[in-house]
Amino acid sequence: MQNISEQERIRRDAMNNLREMGIEPFPAAAFDTTHYTNALKDGFKPGIHVRLAGRIMNRRIMGSASFAELLDSSGRIQVYFNRDILCPDEDKTLYNTVFKKLLDFGDFIGVEGVTFLTKTGEPSVEVHKFTVLSKSIKPLPVVKTDEAGVVHDAFTDPELRYRMRYVDLVVNEDVKKTFLTRSKIIQTMRDFFNAQNYLEVDTPVLQAIPGGAAARPFITHHNALNIPLYLRVANELYLKRLIVGGFDGVYEFSRNFRNEGMDRTHNPEFTIMEIYVAYKDYFWMMDFTEEMIERICLSVHGKTTVKIGAKEIDFKRPFARFTMAQAIEKYTGVNIENKSEEELRSICKDQGIEVNEAMGKGKLIDELFSEKCEHHFIQPTFITDYPIEMSPLCKRHRDNPELTERFELMVNGTELANAYSELNDPIDQRGRFEEQFSLAQRGDDEAMFIDYDFLRALEYGMPPTSGMGIGIDRLVMMLTGQESIQDVLLFPQMRPEKFETASNADAFVEAGVPIEWAEHLPGAGFPTVEDLKSNKATVIHQKLNGYRKKNKLEISAVQLEDVERWLLA
RNA sequence: GAUCUCGUAGCUCAGCUGGUAGAGCAGUACACUUUUAAUGUACGGGUCCUGGGUUCGAGUCCCAGCGGGGUCACCA
């Protein structure tokens, strides 16, 4: 038995009392409802017979009449319990004992009654019958909101909120809203793609070669094949194989896994939506992306603007477009076109950027951009034409072989989407993989693995294709105004919690402790047999007798010799 | 990984230069038949994260650890 608080003990007692009265605290039968609470309040009409189910969230007991709030998935409504309505006969137990004493804040009940307006004008339900649906034996945090809308005693501790999201969702209404919005964003995207007959697909999460992005993978092992397998860092190479196979458009909401640091914008598992469309190029994809995002914003907010902190972001089409060279010139005054690696290295040094010999041309330009430009792009902006070294899966630019047909969408100073005219020349692709491989030799631990099967697929021929990936978690953050990725993931990664599992009384008895003491050991500070045995007899002796005195236990004091015998056993 | 910071009742948080652990909400008991942060009276509730150290004395000071958060680094 865990150590339980006084309030938990009282609730367990109430649960047992219900059983003794013949009321099952966890009944099996379904409870049919007629309404959701918000639908009932919306265009409220008195005199309607309703059946509702939910949690009791707040009780105001005034002798023979009580008000409470019933919380269901849609919201809450006030419910009115009256002793003489619930118990028209002599026996008032149902109201006086069951409702007032044995039910608690947080319990699930079903109610049957009639809607009415109170004299203060609050839409309410007069309860004629109620059914216990599930007992809550652990008290929820009590969060109250006053008339002015000020929230009191909010449940705010991030650790508790993320570890116990179930509690967070019950007591913090806005949290639920964030996840409803997340679902709506995804649904809007899906509808948009499906309307154009693009196919939603599933590709492997367990991959023998973690391709498609340069990132440290999680590794696992398949026993039957006796090979290492990696959790995917991206699904790009699989979706392109499907374009080779003849699909016109394919997309996947891909849960990706990267074994890297965690912070406000990174979680080890996260979601990217990737879409590939045949016979298109990156210009087409820019238009497509704009339309998609504007649509999402409209469906979520009914307008194209979103507030993030003090900033207002407008997702109205068209978005601004700059090439990477233009962006760098705009914010540093330096023209990087046609510069050698050495020249670029000295430009970086002039701009106060730390460089080293492992950095190639592409990496140097990337540093310039991310240090000097990225944070300036608050409004949605497409940055195009990235250096070839940074984009091994992207087609060479039609006008300049040192660049690629790539764009990233920058919003609020961070990357939101990334897209290419896909590289479909198998010879070029093989060369680029080999370059990546030599980068890896040079010490770049993020360089990519070579996927020979993917090269073979390209050799069979892939039509010109444009692909785009968009970070769903970051998109949701932007559209819900959340500053941490943990607030848009239902269960963000946390260090696992340690649970002290207390030994049960039998284990102590087996270890030689008499039964009358065994049940008290966890409470006295020895949750397990091991904890007991790791202490000195004198310490145990004193603690137990102290505990006995404090709790006025009606058992005789333990003797030091007894304790010594337990430890020997 | 570096650094700053937090950890006290079921929840939100006070607790000063070290001196008997506090409040509000929640809980229990009583009262109260239209309340809504219900109200009134009374009462109970603590491993002050863990382990060491300094001290006559540690929630408070020092060291180490555990857990959370922030910032930086890492992360196409």
Side-chain angles (χ1 to χ4, degrees), chain A residues 3-11 13-14 57-69 76-85 95 101 104-106 116-122 124 126 137-163 167 171 212-216 233-234 258-268 270 354 362-363 365-367 369-370 374 386-387 389-394 406 408 415 418 436 444-448 469 483-484 486 494-498 500 523-527 543 547:
Chain A
N3 277 344
I4 59 171
S5 68
E6 182 193 31
Q7 294 195 38
E8 288 171 87
R9 189 178 47 71
I10 289 166
R11 283 178 179 231
D13 289 347
M57 283 312 277
N58 193 357
R59 285 196 302 174
R60 300 176 285 277
I61 297 178
M62 293 151 299
S64 326
S66 302
F67 288 94
E69 275 149 32
R76 49 177 84 191
I77 194 164
Q78 178 165 272
V79 282
Y80 174 60
F81 293 82
N82 180 295
R83 185 189 63 199
D84 297 327
I85 293 174
Y95 179 80
K101 304 283 185 201
D104 286 294
F105 177 81
F116 76 108
L117 275 178
T118 62
K119 71 178 179 192
T120 56
E122 179 79 16
S124 308
E126 181 183 276
I137 61 168
K138 214 172 172 64
L140 287 164
V142 181
V143 180
K144 293 190 175 181
T145 309
D146 66 19
E147 261 177 83
V150 179
V151 177
H152 298 264
D153 301 324
F155 179 63
T156 53
D157 184 328
E159 174 169 10
L160 298 178
R161 285 187 46 224
Y162 300 146
R163 282 198 198 283
V167 173
V171 302
R216 221 182 316 159
V233 294
R258 298 189 182 177
N259 203 342
E260 287 160 358
M262 295 162 58
D263 61 30
R264 226 174 49 235
T265 54
H266 295 84
N267 193 69
F270 61 103
E354 278 185 43
K363 183 77 182 162
I365 293 172
D366 182 44
E367 285 294 314
F369 180 77
S370 52
E374 204 170 72
Y386 284 61
E389 297 86 342
M390 301 163 53
S391 315
L393 301 168
C394 183
R406 171 177 182 179
E408 285 194 357
E415 174 197 342
N418 181 23
Q436 285 291 305
D444 186 346
D445 59 356
E446 295 150 14
M448 291 185 185
E483 306 215 320
S484 168
Q486 298 179 106
M494 301 283 277
R495 200 179 288 275
E497 194 175 357
K498 273 191 213 133
E500 278 216 351
F526 306 102
K543 274 202 184 179
Y547 183 82

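Worth knowing before you read on, the calculation uses all heavy atoms, side chains too, and leaves out hydrogens, waters and symmetry mates. Naming: A, B, ... by sequence-line order, numbering from 1 per chain.
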>> Taking the side chain as everything from C-beta on, heavy atoms only, tell me whether A/V167 gets closer than 4.5 Å to A/P141.
In response: yes
> Quick one: which of B/C11, B/A76, B/G70 gets closest to the side chain of A/R264?
Replying inline: B/G70
>> Taking only the P atom of each, what is the distance from B/C61 to B/G7 in whole angstrom?
In response: 10 Å
>> Nearest 0.5 Å, please: how far is CG in A/N58 from CZ in A/R76?
In response: 7.5 Å
> When you look at A/E159 and A/M494, which way does the side-chain contact (heavy atoms from CB on, under 4.5 Å) test go after all the steps?
Replying inline: CA-CA 9 Å; A/E159 174 169 10; A/M494 301 283 277; 4.3 Å; yes
>> What's the gap between B/C49 and B/U39 when it is taken at their C1' atoms, as a whole Å value?
In response: 38 Å
> Are A/R163 and B/G67 close enough that a side-chain N or O sits under 4.0 Å from OP1 or OP2?
Replying inline: no
>> What is the distance, to the nearest angstrom, from the CD atom on A/E147 to the C1' atom on B/A38?
In response: 11 Å
>> I'd like to check the side chain to side chain donor-acceptor pair (under 3.5 Å) partners of A/D13; sequence neighbours left out, ordered by chain and number.
In response: none
> Using atom C1' of each nucleotide, how far apart are B/U8 and B/G15 to the nearest Å?
Replying inline: 9 Å
> Starting at CZ of A/R9 and ending at P of B/A9, how long is that distance when rounded to a whole Å?
Replying inline: 18 Å
> Does a side-chain heavy-atom distance below 4.5 Å link A/Q486 with A/R161?
Replying inline: no
> Of all residues at least two apart in sequence or in a different chain, which pass the side chain to side chain contact (heavy atoms under 4.5 Å, CB included) check with A/M62?
Replying inline: A/F67
> On a whole-Å scale, what distance lies between the P atoms belonging to B/G27 and B/A38?
Replying inline: 10 Å
>> Whole angstroms only, please: what is the CZ-C1' distance between A/F369 and B/C75?
In response: 17 Å
> Once you round it to whole Å, what is the distance between C1' of B/G69 and CD of A/E159?
Replying inline: 9 Å
>> Taking salt bridge (charged side-chain N to carboxylate O under 4.0 Å, His left out) as the cut-off, I'd like each qualifying pair that reaches into residues 138-155 of chain A, sequence neighbours left out, listed once.
In response: A/E8-A/K138
> Which whole-number value in Å describes the distance from A/Q486 CD to B/G70 C1'?
Replying inline: 12 Å
> Is the phosphate of B/A38, meaning OP1 or OP2, less than 4.0 Å from a side-chain N or O of A/R60?
Replying inline: yes
> With both distances under 3.5 angstrom, what nucleotide forms a Watson-Crick or G-U wobble pair with B/A29?
Replying inline: B/U41
> Quick one: on RNA chain B, does A/E389 or A/T145 contact a more 5' nucleotide (nearest heavy atom)?
Replying inline: A/T145
> Once you round it to whole Å, what is the distance between C1' of B/A23 and NE2 of A/H152?
Replying inline: 15 Å
>> Taking the C1' atom in each of B/G57 and B/A21, what is the distance between them to the nearest angstrom?
In response: 15 Å
> Below 3.5 Å, does any donor atom in the side chain of A/D263 face an acceptor in the base of B/C74, or the other way round?
Replying inline: yes
> Expressed as a whole number of Å, how far does the C1' atom of B/A64 sit from that of B/A23?
Replying inline: 34 Å
> With sequence neighbours excluded, what pairs up with A/F81 under the ring-ring contact (aromatic ring centres under 6.0 Å, His included) test?
Replying inline: A/F99, A/F130
>> Which nucleotide wins on minimum distance to the side chain of A/T156, given the candidates B/U36, B/C13, B/C11?
In response: B/C13
>> Test of understanding: with salt bridge (charged side-chain N to carboxylate O under 4.0 Å, His left out), list the residues that count as partners of A/D157, not counting sequence neighbours.
In response: none
>> Give me the distance, rounded to whole Å, that separates B/A9 from B/C48 when you measure between the P atoms they each carry.
In response: 10 Å
>> It should be established whether A/R495 places a side-chain nitrogen or oxygen under 4.0 Å from OP1 or OP2 of nucleotide B/C66.
In response: no
> When the distance from CD of A/E8 to P of B/G10 is rounded to whole Å, what number comes out?
Replying inline: 8 Å
> Which whole number of Å gives the distance between the P atom of B/G10 and that of B/A73?
Replying inline: 40 Å
> Is B/G51 paired to anything, Watson-Crick or G-U wobble with both distances less than 3.5 Å, and if yes, which nucleotide?
Replying inline: B/C63
> In whole angstrom, what separates A/Y162's OH from B/G67's P?
Replying inline: 18 Å
>> Between A/G261 and A/L160, which residue's closest nucleotide on RNA chain B lies nearer the 5′ terminus?
In response: A/L160
> What does B/U36 pair with, Watson-Crick or G-U, if both distances are under 3.5 Å?
Replying inline: none
> Which nucleotide in the set B/G69, B/C11, B/U12 lies at the smallest distance from any side-chain heavy atom of A/D157?
Replying inline: B/U12
>> Both distances below 3.5 Å, Watson-Crick or wobble geometry, any strand: find the nucleotide opposite B/A21.
In response: none
>> Please encode protein proximity along nucleotides 24-34 of chain B as a string of B, S and -, counting only heavy-atom distances under 4.0 Å.
In response: BSBSSSS-BBB
> With both distances kept under 3.5 Å, what pairs with B/U71, Watson-Crick or G-U wobble?
Replying inline: B/A2
